[in-house]
Undergrad: 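Can you keep this structure in mind? I'll have questions shortly.
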Amino acid sequence: MRDDATNLKSLLKDPSLLEPRAYVNGVWMDGDATFDVTNPARGDVIAEVADLSRADVARAVEAAYAAQKDWAKWTGKERASVLRTWFELMMEHQDDLATIMTAEQGKPLAEAKGEIAYGAAFIEFFGEEAKRIYGETIPGHQRDKRITVIKQPIGVAASITPWNFPTAMITRKAAPALAAGCAFVGRPAAETPLSATALAVLADRAGIPAGVFNVVTSSRSSDVGKEFCENPKVRKLTFTGSTEVGRILLKQAADQVMKCSMELGGNAPFIVFDDADLDAAVEGAIACKFRNNGQTCVCANRIYVQDGVYDAFAEKLAAAVGKLKVGDGLEAGTDLGPLINQSAVDKVKEHIADVTAHGGTLLCGGEAQEGTFITPAILTGVTQDMKVAQEETFGPMAPLFRFKDEDEVIEMANDTIFGLASYFYAKDLSRVYKVAEALEYGIVGVNTGIISTELAPFGGVKQSGLGREGSHHGIEDYLEMKYICMSV
Ligand SMILES: NC(=O)C1=CN([C@@H]2O[C@H](COP(=O)(O)OP(=O)(O)OC[C@H]3O[C@@H](n4cnc5c(N)ncnc54)[C@H](OP(=O)(O)O)[C@@H]3O)[C@@H](O)[C@H]2O)C=CC1
Ligand SMILES: O=C(O)[C@H](O)CS(=O)(=O)O
C-alpha cells in the first residue's frame, strides 16, 4: 500500500483492522488486480484493495454454501453467543472502525462513531433474536392430522451495499442472516470496502466459522451482481442503493425467482405546519437534511412550510445552517465533510441551478470549494415542477416549498414514485393522526428528524423498496416457513 495508508495506519490503535484483502472461507485473499480507495477529503489513495473477479465471487458462494449446512445446525443460542462477541469487538474497536470509515467515506468522526454503534446494535439485536425463531402448531384439519409450522434458514444470502453507510448497511443484513442460520457473501461499494473488511477481521476474531461471513471486494459491481443473481446456490439477494440499480437486480434475480430485499432511493418530504414548535422544527430539519452531508436515503429532500410560518422558519434555518462547519471529517469540529465524489457535487449544483433558473432564490450556500466540498445551501420559492421535487439530491441542499393547508401539502408530499421516509412537525393531535395516516411512506417521523434504530422496521413503499430491515420483522426475510402435515 502507498504512503497515505501508512499515515492512516498510524492513526489506528490496532493497525491490523486496515485490511485491503477480501475475506473468503476464513482466508484473506488477493484478486487478479487491485483498485484504489481514496480519501474524499484529501484525494489521496489510502489503500489498494483486492479486486475480485466473478470467478472469485463464485468460489465465495461455494464456500458459503458448504459452510451454511453446519452453521444451520448450531443452536440459536450458540449463534447468539458468537454474534454477541462480534458486537462486543466492534464496540471495543469503535474508534478505529470510525477512523477507517471517515478516511474512506468522509463523514465527520463523530458521525462515523455513531454509525459503528448503530451498525453494532443490529448484531446485538439479532444475536438475541437468534434464540426466538419460533414455529407453531395448528389444530389439525382432520382427526388423524397434526399441523406443525417450522422456520428454517433460506441458505446463502448475497448482499450489495452502498458507500454512504459502509458499516451499518452491511450489519443490517448480515446480522439477521447469520442469526437465522444463513451464510453471507457481501460485496461493499468500491468507494468504501475497508469498513467491510474491518468487520471481517472482527468476525474472524469472534469465532464466526469460515465461510459463514464473506466479504468480496471488487470494482466490478455488475459482474458481482450477475453472479449473485445467476448462481443457483444463492437463495437470497439483499440490496441497498438506488432504485435504478434495484430495478436491474430485481430483473436479474427474477430468472431464479430469488427472494429479494430492496432498500432503495427516497425523496423525503419534511413538513412544518403553522402549529409546529419552530425551533424544534429547525433542529429537526438540520439533523434530517445534513446528516452524512445529506447523503442518506432518508434525508429531507423537500421541505414544505405552511404560509404563516414560512419566513420565520426560513430565517431561523438560515441562521442554524450558517453555523455548520465544512471540513475534513478527521478534524475536530467538522459538521459537514466532503461529498463522496465529483458527480455528487455536480448533482447538488444541478438542482440549485434548476431552482434559480425557474424562479426560486438561493438564500445561502451552494459554493463549491476545493475537491468535493460544497457549502450547505437553502433555497426558497421552490415549486413542484422543479427537479428536486422528483429527484433525490443526495447532498446538502435544503429547498423550501410553501403550502396553504393539509390537503395541499399531503398531495404534494405524496406526488413521487418514492415512499421511504417522511417527517412533519405539528402539535394538534387530530392533525398528527390524519397526516401520519395520509402520508404514503414506510416511515413517518412526527416532531423528529431522526428515525434510525435497530428496533424498528426500516423500509419503503412504492419504488423505495421491498421488505423491512431491523426490528423482529427483519429476520423473516432470511427464513423459509415449512408446513409439516403429519398423519397420526
Ligand atoms: N433505502 C436505503 O436504505 C438506501 C438507499 N440508497 C440510495 O442509493 C443511492 C446512493 O447510493 P449509491 O451507492 O450511489 O447507489 P447505487 O445504487 O449506484 O450503488 C449501490 C451499490 O450497488 C452497486 N452497483 C451499481 N450498479 C450495479 C449493478 N449493475 N449490479 C450490481 N451492483 C451494482 C454499487 O457498486 P459501485 O459503487 O462499486 O458501482 C454500490 O455498491 C441513492 O439513490 C440513495 O437514496 C442509499 C443508501 C441507503
Ligand atoms: O443509507 C441510508 O440512508 C440509511 O439507510 C439511512 S439510516 O438507516 O442510517 O437512517
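FYI, side chains are in, hydrogens and waters are out, and symmetry mates aren't considered; it's all heavy atoms of this structure. Just so you know, these numbers come straight off a predicted model, no measurement behind them. Atoms within a ligand are numbered from 1 in the order they appear, just like the ligands themselves.
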Undergrad: May I ask you to check whether over 12 heavy atoms, not counting those of Lys462, lie within 6.0 Å of atom NZ?
TA: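 Yes.
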
Undergrad: Working to the nearest 0.5 Å, report the span between CG of Leu178 and OG1 of Thr171.
TA: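 It comes to 11.5 Å.
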
Undergrad: Which option out of Glu469, Arg172, Glu454 puts a heavy atom nearest to atom 5 (O) of ligand 2?
TA: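 Selected option, by shortest heavy-atom distance: Arg172.
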
Undergrad: Any idea which part of Met169 is under 4.0 Å from ligand 2, heavy-atom wise: side chain, backbone, both or neither?
TA: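 For Met169, the contact with ligand 2 is made by the side chain alone.
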
Undergrad: With a heavy-atom distance limit of 4.0 Å, tell me whether Arg291 approaches ligand 2 through its side chain, its backbone, both, or neither.
TA: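 Arg291 to ligand 2: side-chain contact only, backbone stays beyond 4.0 Å.
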
Undergrad: Of all the atoms in ligand 2, which lie at a distance below 4.0 Å from a heavy atom belonging to Tyr118?
TA: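 What qualifies from ligand 2 is 7 (S), 8 (O), 9 (O).
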
Undergrad: Would you call Asp204 and Arg21 a salt bridge, taking side-chain N to carboxylate O under 4.0 Å as the test?
TA: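 Salt bridge between Asp204 and Arg21, a charged N being under 4.0 Å from a carboxylate O: no.
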
Undergrad: Centroid-to-centroid, Phe394 to Trp163, below 6.0 Å?
TA: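 Judged by ring-centre distance (under 6.0 Å), Phe394 and Trp163 do meet the cut-off.
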
Undergrad: What protein heavy atom sits nearest atom 10 (O) of ligand 2, and how far off is it?
TA: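 The protein heavy atom lying closest is Ser452 OG, 2.2 Å.
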
Undergrad: I'd like to check which ligand 2 atoms, numbered from 1 as shown, lie under 4.0 Å from a non-hydrogen atom of Asn164.
TA: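 Heavy-atom distances to Asn164 below 4.0 Å select 1 (O), 2 (C), 3 (O).
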
Undergrad: Just how far is it from atom OG of Ser195 to atom CG of Leu17, taken to the nearest 0.5 Å?
TA: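 If I round to the nearest 0.5 Å, the distance is 10.5 Å.
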
Undergrad: State, with a plain yes or no, whether a side-chain heavy atom of Gln390 is found less than 4.5 Å away from one of Asp415.
TA: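 Yes, side chains in contact.
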
Undergrad: Are Glu392 and Thr243 packed together at the side-chain level, in the sense that at least one heavy-atom pair is separated by less than 4.5 angstrom?
TA: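 Not in contact.
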
Undergrad: I'd like to check Arg247 versus Leu250 (side-chain heavy atoms, cut-off strictly below 4.5 Å). Are they in contact?
TA: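 No, every pair of side-chain atoms sits at 4.5 Å or beyond.
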
Undergrad: Going by atom types alone, do Glu469 and Ser261 pair a side-chain donor with an acceptor below 3.5 Å?
TA: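 Note: Glu469 and Ser261 side chains miss the donor-acceptor criterion.
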
Undergrad: Could you tell me if any non-hydrogen atom of Glu263 lies under 4.0 Å from any atom of ligand 2?
TA: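 No, Glu263 has no heavy atom closer than 4.0 Å to ligand 2.
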
Undergrad: Hey, which atoms in ligand 2 end up nearer than 4.0 Å to a heavy atom of Val298?
TA: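 With Val298 as reference, the close atoms of ligand 2 come out as 6 (C), 10 (O).
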
Undergrad: Enumerate the atoms of ligand 2 whose separation from the nearest heavy atom of Phe458 is less than 4.0 angstrom.
TA: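 Selected atoms, number and element: 5 (O), 8 (O), 10 (O).
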
Undergrad: Over 60° means perpendicular and under 30° means parallel, so tell me whether Phe273 and Phe424 are parallel, tilted or perpendicular.
TA: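 Geometry flag for Phe424 against Phe273: perpendicular rings.
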
Undergrad: Indicate yes or no: does an N/O atom of Cys297 lie under 3.5 Å from an N/O atom of ligand 2?
TA: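 Yes: some nitrogen or oxygen of Cys297 is under 3.5 Å from one in ligand 2.
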
Undergrad: Under the side chain to side chain contact (heavy atoms under 4.5 Å, CB included) test, which residues partner Ala276, sequence neighbours left out?
TA: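 Partners of Ala276 under the side chain to side chain contact (heavy atoms under 4.5 Å, CB included) test: Val272, Tyr425.
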
Undergrad: What part of Thr296 sits under 4.0 Å from ligand 2 if we count only heavy atoms: the side chain, the backbone, both or neither?
TA: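 Both backbone and side chain of Thr296 come within 4.0 Å of ligand 2.
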
Undergrad: Just to be sure I understand the cut-off, which residues have at least one non-hydrogen atom under 4.0 angstrom from an atom of ligand 1?
TA: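 Residues near ligand 1: Ile160, Thr161, Pro162, Trp163, Asn164, Arg172, Arg187, Ala189, Ala190, Glu191, Ser221, Ser222, Gly225, Phe239, Thr240, Gly241, Ser242, Val245, Leu249, Glu263, Leu264, Gly265, Gly266, Cys297, Glu392, Phe394, Leu420, Phe458.
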
